[in-house]
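To start, the structure itself, in structure tokens.
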Amino acid sequence: MDIGAWKGIWVIAEQIEGTINSVSFELLGKAKQLKEQLKSSEPVTAVLLGSDIQGLADELGQYGAEEVIVIEHEKLAIFENDTYAAVLNDLIQERKPEIVLMGATAIGQDLAPMLGGILKTGVAAHCVDVNINEEGKFVAVVPAFGGKVLGDIFCPDHRPQMATLKPGILGEPVLDKNAVFKVTAYNAEESLKKVTGRVKAVGIYKNEIQGIPLEKAEVVVVGGWGIGSKENWSYIEELATLLGGAVGCTRPAVDENWAEGEHQMIGTSGKSVRPKVYIGAAVSGSTHHLCGMKDSGLVISINTDENAPIFDSSDVCIVADAAKFLPKLIERIKQA
Amino acid sequence: MNFNFTDEQEMLRKAVREFVEAEIAPKAAEWDEKDECPVELFPKMGQMGITGIFVPEEYGGAGLGHVERAICLEEISRHSAGLGIALMTHHLGTDPILKFGTPEQKEKYLPDIASGKKIAGLSVTEPGGGSDFMGQKATGELKDGKWVINGRKCFITNSAVADVDLWIVNTGTNEKGRPLLSTFIIDKDTPGHKPGRKENKLGLRGSVTGEIICTDVELGPEQLLGKVGDGAKAGMGAIGEVGRAGMAAISVGVLGACLELAVKFANERILYGKPIAKLQAIQFDVAETRVEYEAARLLLYRAASMKDAGIPCANEFSIAKYYASEAACRAAKRIMDMMGGYGVINEYPIGRYLRDAQAIIPAGGTTHIQKMIIGANTLAGK
Amino acid sequence: MSLKIAVCIKPVPDPDYYDQITIDPVRKTITRAGIPTIINPVDKNALEAALQIKEQVGGTVTVITMAPPNGEESLREMLAMGADEACLLTDRAFGGADTLATSYTLAQGLKKLGNFDLVFTGTESADGATSQVPSQLAEWLGMAHLWNVSEIKLKEDQAEDKVQELQAKMKIENGYIEYEVKLPAVLAVSRDLNTPRFTSIMGVMKAKKKPLTVFTVNDVDVDRTLIGLDGSPTKAGAVFTPSLSRKGERLTGDLDEVVEQLLQKLRAAGINLEIKSSSQGGR
């Protein structure tokens with residue numbers, strides 16, 4: 001393999017039914033950083049697949065893509081791993097980017113390794129960061145054991161070097177309405193002829209999410225196993241509403257059916273959040289949860305156990321029974 | 001001497017433990033509080049192979065032995081000794097059918113008992129005294145080809161829930177004037193057969209204990225289990241090697257629970273800036289409990305291994321039951337004391353362990369009875 | 001109709017102990033001594049899916065793992081849960097593999113055992129959680145695949161007495177995509193798909209009689225450059241622990257006093273404490 005022939009930093013963006021997943025914008029910001037670190041002159045490139053997606057290219061450009069490759073075809077309307085991979089495989093082999101970034105979303109966690117398997121290259125999964133090190137090498141930092149351990153991953157002898165990152169891990173993306181960028185089209189027709197149709201999308205269904213999405217909330221109120229009951233859980237919801245925030249939870253609250261569902265779960269196997277204010281009530285603070293909220297602004301924790309690990313990662317520590325403390329806090333806020 | 005369990009026995013323990021942690025542990029406190037027997041768990045235990053653990057495979061059982069049975073009872077009793085005694089009584093009622101049943105009787109009853117579809121019971125104790133086994137006053141009279149059963153049994157576990165109730169009754173005297181006891185299988189709902197008052201027990205709640213009354217219950221001859229006069233062997237054999245064994249296993253379960261709670265509490269409770277586990281007095285309490293647990297376990301599984309090898313072991317089970325049940329009472333009190341104020345708060349299970357341990361003492365023969373048996377055997381050179 | 005089904009599993013250190021894992025400051029390696037090994041939890045959902053399909057249309061269920069020798073214990077547990085046979089791929093030469101090399105090794109092991117109609121895996125392992133092996137396994141096997149499956153419906157072709165296709169849902173953020181998939185296929189199942197059955201005592205007793213094959217590198221047809229460290233395009237570098245600590249301030253006083261102090265902190269952080277109207281609030 002002629003490593004030197006592979007140039008350029010790509011972001012495979014993701015859109016579902018005309019909405020681009022914000023992780024794509026976050027990755028473009030990171031791609032720009034990598035370009036500067038590499039002192040490269042290749043344009044940061046975004047690739048978008050779908051059907052009826054013409055208008056979306058501009059967003060990608062405004063968030064940092066210097067070139068946007070739009071691949072439009074009715075067969076790309078709903079994600080099919082075989083179909084998307086066939087097209088991207090041909091495109092990547094033709095254009096030879098040295099780095100390819102994708103969001104570690106449900107689609108990304110399927111498509112990225114599949115591409116890695118077809119291209120016989122390395123994929124670093126759900127990285128907490130990617131960088132160019134002092135030796136000019138691309139390094140991905142990946143968590144293991146629920147985030148208790150981090151490790152550097154390199155892909156020295158294969159191209160492209162691939163990595164996926166979860167939404168919310170990188171910082172808030174920067175929008176530049178005056179950005180200058182190029183939009184090109186890629187004809188997928190030839191690639192699509194190779195698709196056998198063994199995986200066929202029949203339909204897509206999305207739930208309506210009420211209120212502020214967790215990842216965007218300025219205030220996140222999180223309840224853990226110590227909340228103890230569905231009745232007590234209502235304090236978490238009420239406090240979040242009063243503060244104009246969103247409700248988050250840990251795994252036990254999902255298992256006990258107090259929380260609405262997995263989409264509220266914060267941690268290495270759930271969501272990453274970085275709100276202005278994080279309030280954790282009756283959360284013990286296991287590493288995998290901490291990794292999901294470590295970049296929060298002000299971290300406030302309430303727990304009956306003075307030795308709870310979460311207090312070592314909090315700015316404000318309150319040793320109290322959440323079931324007693326929260327109602328008082330709620331009452332007092334209502335009076336304010 | 002191999003003191004290890006086999007790989008299969010270890011896997012069996014693990015499988016049972018997972019089942020217990022999911023289906024039994026979360027509800028144990030509730031069963032104790034409400035004093036309800038969770039009959040809905042019997043078919044689930046049937047699927048697991050627990051209710052029919054020593055019933056042969058041809059009748060739908062797991063076809064295993066008394067070591068495996070002890071493992072099941074120990075694991076269950078770690079969380080709910082109340083369910084433990086309900087299950088052990090079910091096994092108790094199964095044993096005479098296995099030993100004395102005709103092929104027709106086995107075919108009729110064992111599959112449902114093994115699958116947990118039917119719950120079994122053994123009715124022996126009477127108001128006149130449980131320790132006086134041969135002094136049964138309940139009667140069985142043969143009239144026009146039918147057996148008519150009359151009597152009142154008390155302190156019977158599974159009284160209100162047993163579908164298959166084995167009664168030991170007096171059916172006359174032999175040529176030496178000694179009582180002839182016989183065993184009868186009575187289906188629930190047989191006219192004249194009714195559970196009576198339900199006792200409000202101090203411990204082992206989660207099982208139903210109470211009276212059963214038979215008033216002119218008519219049974220066909222096919223309900224006689226074994227021959228007339230086999231009742232003593234059937235009853236005492238069951239109690240001696242299955243009942244006592246079960247109570248010993250339940251005691252070991254309670255001991256294990258006390259030990260586990262003690263370790264957890266001692267490692268978490270901070271006093272003087274460090275866990276109380278660092279204090280010698282606490283270490284001594286835990287050490288004593290540990291030794292009792294290990295000793296009880298060894299006595300239990302030694303006796304169970306003997307039974308599986310076909311060696312008579314009523315004495316060994318007596319030793320195990322006596323030691324394990326008394327040790328469970330001592331351990332529960334010791335750990336309750338160790339826990340200070342928390343020991344007497346009902347949110348913590350130690351109170352339940354203490355009550356359960358105490359309630360085990362009269363079940364399967366009191367400590368006094370065990371000492372009589374062990375003493376008499378020892379003095380006779382056995 | 002009979003399907004030949006495989007389930008790939010992974011023995012992992014028990015996740016309940018992950019907070020105790022440390023990095024040796026001298027050797028800079030991960031120390032995980034004394035942590036018990038269990039079967040990756042979601043792999044039980046994978047086996048449950050396979051067993052349910054076997055109960056529906058008939059067939060066999062083979063469990064396979066690439067692991068150190070102690071993988072045999074985990075395989076026995078899966079046999080006790082209901083699998084029909086097991087296969088352990090174990091050899092130093094397989095060690096150090098990343099997901100590409102691991103999935104290659106598993107694929108070669110499966111090919112040696114026959115032609116499978118369905119291969120089940122869990123979505124991800126508790127330790128590495130890359131979630132990459134299923135998709136790459138499908139590539140090596142030349143099969144269709146779906147990841148993050150939360151529902152499966154077989155399409156029984158009564159006329160041909162075969163199952164050639166199934167319908168399945170892939171869970172995505174806030175919803176799912178529904179697919180029709182032609183067999184043979186690899187399905188990576190999520191926890192939502194089913195509730196794994198308990199292992200019964202009867203199952204434990206039957207397990208010892210079920211076949212368990214051990215393959216070393218010489219027993220399977222592998223290209224040595226594609227296994228182990230050599231077959232891994234990704235290379236591991238340094239390991240370290242994340243910095244998660246903050247200096248905390250303990251609020252003292254009775255509950256009412258603490259509430260007041262907390263409100264001050266919230267105001268200082270720029271949170272507006274006026275009561276929000278319901279349209280602005282959120283869950």
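Letters A, B, ... mirror the listed sequences (proteins, then strands); counts begin at 1.
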Chain C contacts, top residue of A:L150, A:N207, A:V202 (heavy-atom pairs, under 4.5 Å): A:L150

Chain A contact via C:I30 - which portion, at a heavy-atom distance below 4.5 Å: side chain

Per-residue contact mode, C:E165 against chain A (heavy atom under 4.5 angstrom): neither

Which atoms of A:I118 approach chain C - backbone, side chain, both or neither, heavy atom under 4.5 Å: both

Most chain C-contacting option - heavy-atom pairs closer than 4.5 Å, from A:S296, A:S301, A:A217: A:S296

OH on C:Y179 to CD1 on A:I204, rounded to 0.5 Å: 7.5 Å

Contacting moiety of C:D19, where chain A heavy atoms sit under 4.5 Å: both

Non-hydrogen atoms of C:G142 and A:R198 that approach each other most closely: O-NH1, 3.1 Å

Interchain contact, A:I78 with chain C, by part (heavy-atom threshold 4.5 Å): side chain

Toward chain C, the part of A:V277 with a non-hydrogen atom under 4.5 Å: side chain

Check: A:I333 and C:V259 side chains under 4.5 Å, non-hydrogen atoms: no

Option that, when pairs with chain C are counted at under 4.5 Å, heavy atom only, ranks first among A:V128, A:L111, A:T121: A:T121

Leading residue by heavy atom contact count with chain A [cutoff under 4.5 Å; candidates C:S245, C:S232, C:G270]: C:S245

Residues C:N148, A:D110; criterion side-chain contact (heavy atoms from CB on, under 4.5 Å); working and verdict: CA-CA 8 Å; C:N148 211 19; A:D110 181 9; over 6 Å; no

Interatomic distance, C:S190 atom OG to A:E262 atom CD [nearest 0.5 angstrom]: 7.5 Å

Whether C:E180 side chain and A:K200 backbone form a donor-acceptor pair below 3.5 Å: no

Short side-chain donor-acceptor distance under 3.5 Å, C:H145 and A:D82: no

Sub-4.5 Å side-chain heavy-atom contact between A:V149 and C:I21: yes

Side chain, backbone, both or neither of C:K265 within contact of chain A (heavy atoms, under 4.5 Å): both

Heavy-atom pair count under 4.5 Å with chain C, highest-scoring of A:G117, A:A106, A:A125, A:A104: A:A106

Contact class of A:D295 relative to chain C, heavy atoms under 4.5 angstrom: backbone

Residue among A:G285, A:A124, A:S286, A:G146 with most heavy-atom pairs under 4.5 Å to chain C: A:S286

Structural part of A:V199 lying under 4.5 Å from a heavy atom of chain C: both

Contact class of C:Q261 relative to chain A, heavy atoms under 4.5 angstrom: neither

Residue A:Q161 versus chain C: region with a heavy atom under 4.5 Å: neither

Part of A:S314 within contact of chain C (heavy atom distance under 4.5 Å): backbone

Region of C:L100 that comes under 4.5 Å of a non-hydrogen atom in chain A: side chain

Proximity breakdown for C:L262 and chain A, heavy-atom pairs closer than 4.5 Å: side chain

pair A:Q109-C:S135: side-chain heavy atoms closer than 4.5 Å: no

Interface moiety of C:T99 toward chain A, non-hydrogen atoms closer than 4.5 Å: neither

Close side-chain approach of A:P156 to C:K235, heavy-atom, < 4.5 Å: yes

Salt bridge flag under 4.0 Å for residues C:R246 and A:D312: no

Residue part contacting chain A, namely of C:E139, when any heavy atom lies under 4.5 Å: side chain

Residue, of C:A268, C:A144, C:G128, that accumulates the most heavy atom pairs under 4.5 Å with chain A: C:A144

Atom pair NE2/CG of A:H289 and C:L244 - distance to nearest 0.5 Å: 11.0 Å

A:H263 versus C:N174, side-chain donor and acceptor atoms under 3.5 Å: no

For chain A, the option from C:A168, C:S131, C:A238 that forms the most heavy-atom pairs under 4.5 Å: C:A238

Atom group of A:I16 that falls short of 4.5 Å from chain C, counting heavy atoms: side chain

Distance in Å, A:K206 NZ paired with C:E173 CD, rounded so as to fall on 0.5 Å steps: 7.0 Å

Residue part contacting chain A, namely of C:P134, when any heavy atom lies under 4.5 Å: neither

Part of A:P143 lying under 4.5 Å from any heavy atom of chain C: backbone

Interface moiety of C:M170 toward chain A, non-hydrogen atoms closer than 4.5 Å: side chain

Salt bridge flag under 4.0 Å for residues C:E260 and A:R332: yes

Which atom of C:P13 lies closest to which atom of A:F145, heavy atoms considered: CG-CE2, 3.9 Å

Under 4.5 Å from a heavy atom of chain C, the part of A:V299 involved: both

Any A:T287 side-chain heavy atom under 4.5 Å of C:Y18 side chain: no

Whether C:Q132 side chain and A:V123 backbone form a donor-acceptor pair below 3.5 Å: yes

Interatomic spacing from OG1 in C:T234 to CE in A:M162 - rounded to 0.5 Å: 12.5 Å

Top contributor to chain C interface from A:I153, A:N81, A:L290, A:L329 [non-hydrogen pairs under 4.5 Å]: A:N81

Stepwise side-chain contact (heavy atoms from CB on, under 4.5 Å) test for C:S243 and A:K294: CA-CA 9 Å; C:S243 61; A:K294 64 180 170 61; over 6 Å; no

Candidate pair C:R191 and A:D255, rule salt bridge (Lys or Arg N to Asp or Glu O under 4.0 Å), full reasoning: CA-CA 11 Å; C:R191 294 158 54 113; A:D255 289 343; 3.3 Å; yes

Which atom of A:G147 lies closest to which atom of C:P242, heavy atoms considered: O-CG, 3.2 Å

Atom group of C:K171 that falls short of 4.5 Å from chain A, counting heavy atoms: both

Chain A contact via C:L146 - side chain, backbone, both or neither, heavy atoms under 4.5 Å: both

Smallest separation among heavy atoms of A:C317 and C:G248, with atom names: SG-CA, 4.1 Å

Non-hydrogen atoms of C:P233 and A:G122 that approach each other most closely: CB-N, 3.5 Å

Per-residue contact mode, C:P15 against chain A (heavy atom under 4.5 angstrom): neither

Contact class of A:K328 relative to chain C, heavy atoms under 4.5 angstrom: both

Approximate separation, where rounding is to 0.5 Å, of A:K120 NZ and C:Y104 OH: 10.0 Å

